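Keep in mind it's a predicted model, so treat the numbers as computed, not measured.
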Amino acid sequence: MSDKQQAVNIVLWAKQGCYYCQEIKDYLKEENLSYELIDVTENDQFRDILNAKYGVSYVPVVEIGQKNSKQYQGIIDLGLEHVVNGLKAAGIGVKQYD
């Protein structure tokens with residue numbers, strides 16, 4: 001785990017074959033950020049959870065939370081730039097996405 005992420009948890013809700021999901025996985029790996037993956041591919045009940053939490057049933061959804069808090073920010077907008085902005089808002093120093 002890198003120093004820049006020690007204070008946060010990242011959860012990625014994704015499915016197999018999803019371009020946007022893979023883009024986020026690649027970015028997090030490039031930035032050396034660990035994350036928990038929740039694969040919704042064959043788990044429709046996970047989509048029900050997303051719908052209850054955020055009013056969406058699509059992926060990717062990224063949740064970022066401070067380890068000392070049970071509160072998470074959900075990023076539901078498509079596009080890596082939204083994830084980068086959410087990470088920066090959480091105090092994680094990451095490079096800007098081009």
Side-chain angles (χ1 to χ4, degrees):
M1 181 182 308
S2 68
D3 290 340
K4 63 184 172 183
Q5 194 206 2
Q6 287 183 355
V8 298
N9 289 322
I10 300 171
V11 179
L12 172 59
W13 298 71
K15 71 176 185 175
Q16 297 170 18
C18 167
Y19 170 80
Y20 293 112
C21 302
Q22 189 60 52
E23 183 179 41
I24 293 170
K25 288 178 190 178
D26 292 344
Y27 181 80
L28 294 173
K29 182 177 180 181
E30 181 180 308
E31 288 293 316
N32 196 30
L33 297 171
S34 61
Y35 60 94
E36 176 185 352
L37 176 64
I38 300 177
D39 188 345
V40 304
T41 303
E42 295 182 18
N43 299 295
D44 287 337
Q45 70 273 17
F46 291 159
R47 291 180 187 269
D48 294 340
I49 294 169
L50 286 176
N51 194 22
K53 290 175 88 170
Y54 303 111
V56 301
S57 58
Y58 57 81
V59 291
V61 171
V62 177
E63 295 178 313
I64 302 169
Q66 300 298 321
K67 288 196 178 199
N68 58 356
S69 170
K70 294 183 182 186
Q71 189 172 14
Y72 282 75
Q73 171 197 3
I75 301 167
I76 60 173
D77 295 320
L78 292 179
L80 187 55
E81 66 274 11
H82 301 290
V83 175
V84 172
N85 290 337
L87 291 169
K88 286 183 176 185
I92 301 174
V94 293
K95 71 176 177 68
Q96 186 62 40
Y97 172 72
D98 297 321

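Nearest heavy atoms, Phe46 versus Trp13: O-CZ3, 3.6 Å. Looking at every heavy atom in both residues, Leu78 comes nearest to Pro60 through CD2-CD, 3.6 Å. Summarising the geometry of Leu12 relative to Cys21, their closest heavy-atom pair is CD2-O, 4.2 Å, with the distance given to 0.1 Å.
Rounding to the nearest 0.5 angstrom, the gap separating the CD1 atom in Ile64 from the OH atom in Tyr72 is 10.5 Å. Atom CG of Leu50 sits about 8.0 Å away from atom OG of Ser57, to the nearest 0.5 Å. Summarising the geometry, atom CG belonging to Leu33 is positioned 12.5 Å from atom CD1 belonging to Ile24; distances are rounded to the nearest 0.5 Å. The structure places OH of Tyr27 at 6.5 Å from CG of Leu87, a figure rounded to the nearest 0.5 Å. Going from atom CD1 of Ile75 over to atom NE2 of His82 covers 9.5 Å, rounded to the nearest 0.5 Å.
Under the 4.5 Å side-chain criterion, counting only non-hydrogen atoms from C-beta, Ile49 is not in contact with Gln45. Contact of the Val62 side chain with the Ile10 side chain is registered, since non-hydrogen atoms from C-beta on lie closer than 4.5 Å. Ile38 has its side chain within reach of Val11: a pair of non-hydrogen atoms, C-beta onward, lies under 4.5 Å apart.
Checked by atom type, the side-chain pair Asn9/Tyr35 shows no donor-acceptor distance below 3.5 Å. Using a 3.5 Å distance cut-off with no hydrogens or angles, the side chains of Asn85 and Glu81 do not pair a donor with an acceptor.
Atom OH of Tyr20 has 12 or fewer neighbouring heavy atoms from other residues, nucleotides or ligands inside a 6.0 Å radius.
Listed for the Thr41 side chain is no donor-acceptor partner under 3.5 Å among the backbone atoms of Lys15. Under a 3.5 Å cut-off, the side chain of Tyr58 and the backbone N or O of Ile76 do form a donor-acceptor pair.
Among residue pairs with one or both ends in residues 35-47, none qualify as salt bridge (Lys or Arg N to Asp or Glu O under 4.0 Å); sequence neighbours excluded.
Partners of Lys53 under the side-chain hydrogen bond (donor to acceptor under 3.5 Å, both in side chains) rule, at least two apart in sequence or in another chain, are Glu63.
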Would you check, one step at a time, whether the test side chain to side chain contact (heavy atoms under 4.5 Å, CB included) holds for Lys88 with Ile92? CA-CA 5 Å; Lys88 286 183 176 185; Ile92 301 174; over 6 Å; no
